[in-house]
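The block underneath contains the structure these notes are about, expressed in structure tokens.
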Amino acid sequence: FLNGCLFQNHGDFGKARESFNRAIQYGMQHIPDVYERLSSVVFSSGDVNEAENFSKQAIQVRSEVVGNPEHIYNWFSDTFAESVPKWTGKPWSLQRGIIHYLAG
């Protein structure tokens with residue numbers, strides 16, 4: 001996952017997508033950040049429909065966290081908050097907003 005974040009920040013969307021997919025395959029399917037970042041990478045590659053689907057998955061996973069203090073995401077965010085590169089710069093915030101809008 002962290003490799004995917006770095007590839008994404010450096011504009012290497014192909015490698016970022018591979019890294020995020022690998023993270024999901026190896027057990028990070030309950031971490032909404034993976035789907036949000038994967039959605040942004042796919043959106044940057046021009047596939048809006050697939051980006052919308054990943055964003056919907058992120059919303060679904062994030063809704064599982066609400067009211068569940070034992071959810072793995074709480075541990076993940078406490079443990080890795082300082083290590084995960086932040087969403088900064090252009091066009092990440094704009095893309096994230098558009099994708100969340102499309103996902104409803």
Side-chain angles (χ1 to χ4, degrees):
F1 171 73
L2 293 176
N3 283 338
C5 293
L6 294 175
F7 287 133
Q8 180 186 23
N9 285 353
H10 291 291
D12 194 342
F13 300 128
K15 287 184 181 179
R17 187 173 183 172
E18 289 174 21
S19 294
F20 293 138
N21 283 327
R22 212 172 16 255
I24 291 168
Q25 289 175 347
Y26 292 133
M28 292 190 72
Q29 69 272 17
H30 299 292
I31 308 297
D33 299 44
V34 178
Y35 295 107
E36 289 176 348
R37 287 179 178 266
L38 185 55
S39 179
S40 178
V41 166
V42 171
F43 185 80
S44 297
S45 301
D47 192 345
V48 176
N49 292 329
E50 192 173 5
E52 179 185 355
N53 291 335
F54 284 127
S55 188
K56 285 179 180 177
Q57 285 180 293
I59 292 168
Q60 170 72 31
V61 172
R62 199 167 287 284
S63 70
E64 296 170 1
V65 177
V66 176
N68 185 356
E70 300 299 317
H71 195 278
I72 188 71
Y73 180 70
N74 295 318
W75 170 83
F76 175 83
S77 60
D78 290 343
T79 305
F80 295 106
E82 297 299 318
S83 303
V84 176
K86 306 294 182 236
W87 285 81
T88 58
K90 296 180 189 176
W92 306 124
S93 57
L94 177 62
Q95 288 178 359
R96 197 172 188 192
I98 291 170
I99 291 166
H100 282 305
Y101 174 78
L102 292 174

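Residue numbers count from 1 along this sequence. Every value quoted in this text rests on a predicted model; they were computed, and no experiment measured them.
Remark: side-chain polar atoms of D47 are not paired, donor with acceptor, to backbone N or O of V42 under 3.5 angstrom.
In this structure, F7 is not a member of the same hydrophobic cluster as F80, with clusters built from ILVMFWY side-chain heavy atoms closer than 4.5 Å. Using a 4.5 Å cut-off between side-chain heavy atoms of Ile, Leu, Val, Met, Phe, Trp and Tyr, with links allowed through other members, W75 and L2 fall into the same hydrophobic cluster.
In plain terms, the two heavy atoms of I72 and I31 that are nearest each other are CG2-CD1, 4.2 Å. Closest approach of N74 to P69, counting heavy atoms only: ND2-O, 3.3 Å. Closest of all the heavy-atom pairs between V65 and Y73 is CG2-CB, 3.7 Å. The two residues R37 and N9 come nearest to each other via the heavy atoms NH1-OD1, 4.5 Å. The minimum heavy-atom distance linking Q8 with A16 is given by the pair N-CB, 3.7 Å. Contact record, F20 with F1: CE2-O, 3.6 Å, taken as the closest heavy-atom pair.
Listed by chain and residue number, nothing satisfies the side chain to side chain donor-acceptor pair (under 3.5 Å) test with E64 (two or more places apart in sequence, or in another chain). Not a single ring-ring contact (aromatic ring centres under 6.0 Å, His included) links Y35 to another residue, sequence neighbours left out.
Taken from CZ in F13 to OG in S44, the straight-line distance is 4.0 Å, to the nearest 0.5 Å.
In this structure the side chain of I24 reaches within 4.5 angstrom of the side chain of L38, judged on heavy atoms. Between E36 and I59 the shortest side-chain heavy-atom distance does not fall below 4.5 Å.
Taking the six-membered ring where tryptophan is involved, the planes of H71 and H30 are perpendicular, since the angle between them exceeds 60° and thus also 30°.
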